[in-house]
Peer 1: 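One structure, as structure tokens, below. Some questions next.
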Amino acid sequence: MLAAGVIAAAWPAGNASKAYAQSTTRLVLSSGTGIPAHAGFVFGPFSNLAMNEADDVAFLTSLRSARIDLRAIVRSTGVTFSVVAFQGLRSPVPRTTYDSFSSPSINGGGVIAFSAQL
């Protein structure tokens, strides 16, 4: 049996300088959800999440279809998602494609950094 993965964001209730047992939690994404602009693909499991002060999230996942499973780095801004890089996508280096990725990080300006095998 496979467990569904979810990405949720939680914020402290009330004054952030004090610890509270209650928080506001919002479901951001669950595995098995269709991928916008990539018809026929769904999100696989999530790992290595990074979040900045503006609540932008970057994470590793897989893009799954009936025929292929590609590793990818995805960005979430609010309720929108964009695929930053995936296996087989042309990289910025001439005549090369992405093969694998490290854990992404994201700064306050929303710039995502990661290392990749080409």
Side-chain angles (χ1 to χ4, degrees):
M1 181 167 112
L2 294 175
V6 297
I7 297 177
W11 296 269
N15 186 336
S17 65
K18 297 181 181 176
Y20 289 90
Q22 191 94 17
S23 66
T24 301
T25 305
R26 174 178 55 92
L27 176 67
V28 176
L29 185 62
S30 64
S31 59
T33 303
I35 302 171
H38 297 281
F41 283 92
V42 296
F43 286 110
F46 309 111
S47 64
N48 305 97
L49 280 78
M51 185 176 196
N52 68 9
E53 300 80 19
D55 299 333
D56 298 327
V57 180
F59 56 92
L60 287 174
T61 187
S62 57
L63 312 180
R64 293 184 167 176
S65 76
R67 291 183 268 155
I68 196 163
D69 192 10
L70 303 170
R71 297 290 294 157
I73 294 179
V74 175
R75 157 186 269 151
S76 167
T77 307
V79 295
T80 61
F81 304 93
S82 59
V83 178
V84 176
F86 60 87
Q87 282 177 314
L89 178 68
R90 188 178 303 188
S91 78
V93 178
R95 296 181 301 283
T96 63
T97 58
Y98 291 114
D99 183 48
S100 63
F101 310 98
S102 70
S103 302
S105 63
I106 186 166
N107 71 11
V111 176
I112 297 172
F114 60 92
S115 63
Q117 294 291 320
L118 305 179

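Quick note: residue numbers are just sequence positions, from 1.
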Peer 1: For N48 versus P104, what's the shortest heavy-atom pair and its separation?
Peer 2: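 Between these two residues, the closest heavy atoms are O-CD, 3.7 Å.
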
Peer 1: Measure the spacing between OG1 of T97 and CG of L89 and express it to the nearest 0.5 Å.
Peer 2: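 Rounded to the nearest 0.5 Å, the OG1-CG separation comes to 8.5 Å.
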
Peer 1: Keeping the roles fixed (side chain from N52, backbone from N107), state whether a donor-acceptor pair exists under 3.5 Å.
Peer 2: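 Here the side-chain-to-backbone pair exists.
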
Peer 1: With sequence neighbours excluded, tell me which residues meet side-chain contact (heavy atoms from CB on, under 4.5 Å) with V42.
Peer 2: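 Expected list: R64.
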
Peer 1: Rounded to the nearest 0.5 Å, how far does OG of S105 lie from CZ of F114?
Peer 2: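 Answer rounded to 0.5 Å: 10.0 Å.
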
Peer 1: Working to the nearest 0.5 angstrom, can you tell me the gap between S30 OG and F43 CZ?
Peer 2: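 Reported to 0.5 Å precision, the distance equals 10.0 Å.
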
Peer 1: Quick one: does any side-chain atom of T61 pair with a main-chain N or O of P45 as donor and acceptor, under 3.5 Å?
Peer 2: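 Answer holds: yes.
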
Peer 1: So V84 and V74, do their side chains get closer than 4.5 Å, heavy atoms only?
Peer 2: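 No - every pair of side-chain heavy atoms lies 4.5 Å or more apart.
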
Peer 1: Within the distance-only criterion (no hydrogens, no angle test), does the side chain of Q87 pair as donor or acceptor with the backbone N or O of Y98 below 3.5 angstrom?
Peer 2: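 A pair under 3.5 Å: no.
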
Peer 1: Enter the distance from I35:CD1 to S62:OG here, rounded to the nearest 0.5 Å.
Peer 2: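 Answer for the CD1-OG pair, I35 versus S62, is 8.0 Å.
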
Peer 1: If you take all heavy atoms of R71 and S47, which pair is closest and at what distance?
Peer 2: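 So the minimum-distance heavy-atom pair works out to NH2-OG, 4.0 Å.
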
Peer 1: Report the distance from atom CG of L60 to atom CD1 of I73, rounding to the nearest 0.5 Å.
Peer 2: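 L60 atom CG to I73 atom CD1 measures 5.5 Å (nearest 0.5 Å).
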
Peer 1: Considering non-hydrogen atoms only, spot the tightest contact between A85 and F101 and give its length.
Peer 2: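 Minimum heavy-atom contact is CB-CE2, 3.6 Å.
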
Peer 1: Do the non-hydrogen side-chain atoms of I68 and F41 ever get within less than 4.5 Å of each other?
Peer 2: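 Result yes, sub-4.5 Å side-chain heavy-atom pair found.
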
Peer 1: If you measure from CZ on R90 to CG on L118, what distance do you get to the nearest 0.5 Å?
Peer 2: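 Rounded to the nearest 0.5 Å, the CZ-CG separation comes to 13.0 Å.
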
